[in-house]
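To start, the structure under review is shown below, and the notes come after it.
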Amino acid sequence: MDKLLLPVLLGTNRKRRNSVHPANWLLGEMEKRPEIQTKLFDVSDFALPQDNYGQEIKHLFPEWRDAIIQADGLVIVTPEYNHGYPGTLKAVLDLLLKEYIHKAVAFVGVSAGPWGGARVIEAMVTMVRELGLAVTFTDLNFPFVQKKFDAEGKLLDQSFEQRAKDFLDELVWMSHTLKWGRQNVPSKYHQSKGA
Ligand SMILES: Cc1cc2nc3c(=O)[nH]c(=O)nc-3n(C[C@H](O)[C@H](O)[C@H](O)COP(=O)(O)O)c2cc1C
């Protein structure tokens with residue numbers, strides 16, 4: 001079976017962001033799985049212009065566009081900023097539209113407080129629905145993230161290994177199923193063998 005292509009998007013460009021630790025750690029867990037091919041995208045690497053926005057400028061980010069065209073799903077690692085998502089993350093997601101349709105998305109929520117980004121994930125669900133992404137129901141939450149990793153980014157709480165496994169199992173199932181659907185069930189949104 002072909003590998004599933006599942007990029008990870010780190011959703012904050014804040015200088016001392018803690019979200020980098022869950023993103024890197026999860027990337028390592030994904031790389032251990034033979035059925036997954038992944039790559040980390042970091043919103044801080046996107047030189048977004050101040051005077052334009054959205055699909056009009058997607059040609060400036062061909063690596064991102066090609067990755068999402070080829071992707072079977074996407075992992076979004078988002079911090080919770082005032083119960084919402086960072087504007088930079090929204091600006092990166094808004095670069096594309098049809099490229100996301102009928103692909104899976106899974107959320108990693110990161111917060112300094114006790115809710116592990118539950119509120120930002122709820123806020124993102126309504127937004128990614130408009131992108132045509134299909135959301136998994138097994139989020140990975142990192143509450144009190146500042147206590148979950150050491151300064152080098154080493155995970156201090158091994159209970160996250162089982163949580164990450166459950167999170168990835170569901171993402172893999174959704175991604176496989178949607179891949180089969182894209183290839184076999186006609187839709188005006190993509191080419192399929194059955195179309
Ligand atoms: C602008 C801003 C707003 C924040 N709002 C919240 C919040 O609503 N709830 C919360 O638990 N933490 C909040 N935090 C703390 C972050 O969750 C915390 O910094 C955590 O480490 C994840 O963000 P980071 O990757 O930028 O470090 C906020 C941080 C910033 C910079």
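Quantities reported herein were computed from a predicted structural model and do not represent experimental measurements. When a ligand or atom number is given, it counts from 1 through the structure's own listing order.
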What residue and heavy atom of the protein are closest to [atom], and at what distance?
atom                    : answer
atom 25 (O) of ligand 1 : S19 OG, 2.5 Å
atom 11 (O) of ligand 1 : G113 N, 3.1 Å
atom 26 (O) of ligand 1 : Y81 OH, 2.5 Å
atom 22 (C) of ligand 1 : P79 CB, 3.6 Å

Counting each atom of ligand 1 from 1 as listed, which ones have a heavy atom of [X] under 4.0 Å away?
X    : result
E80  : 4 (C), 5 (N), 6 (C), 7 (C), 8 (O), 9 (N), 10 (C), 11 (O), 12 (N), 13 (C), 14 (N), 16 (C), 17 (O), 28 (C)
V145 : 20 (C), 21 (O)
R17  : 24 (P), 25 (O), 26 (O), 27 (O)

* Within 45° of the ring axis of F144 and under 6.0 Å from its six-membered ring centre, is that where the NZ or CZ of K147 lies? ->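 Checked: cation-pi criterion met.
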* **Ring-face cation contact, F41 with K39, 6.0 Å cut, 45° max** =>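 Verdict for F41: a cation-pi partner in K39.
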If I apply the N/O under 3.5 Å rule, does [X] come out as touching ligand 1?
X    : answer
R16  : no
N18  : yes
A112 : yes

Check each heavy atom of [X] against ligand 1 and say whether those closer than 4.0 Å belong to the side chain, the backbone, both or neither.
X   : value
N82 : both
R14 : side chain
T12 : side chain

Would you say [atom1] of [X] has more than 12 non-hydrogen atoms from neighbouring residues, nucleotides or ligands within 6.0 angstrom?
X    : atom1 : answer
Q158 : CD    : yes
Y53  : OH    : yes
E63  : CD    : no

* Asked: Any ion pair linking K32 and E161 (charged N to carboxylate O, less than 4.0 Å)?
  ->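 Salt bridge between E161 and K32, a charged N being under 4.0 Å from a carboxylate O: no.
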* **Residues E152 and K154 bridged, charged N to O under 4.0 Å** =>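 Result for this pair is no, no salt bridge flagged.
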* To do: Specify the closest pair of heavy atoms between S111 and G116, including all atoms of both residues, with the distance to one decimal.
  =>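 Looking at all heavy atoms of both residues, the shortest contact is OG-N, 3.1 Å.
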* Look at the rings of F142 and W25 and say which category their plane angle falls in: under 30° parallel, 30 to 60° tilted, over 60° perpendicular. =>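 Rings of F142 and W25: perpendicular, as their planes differ by over 60°.
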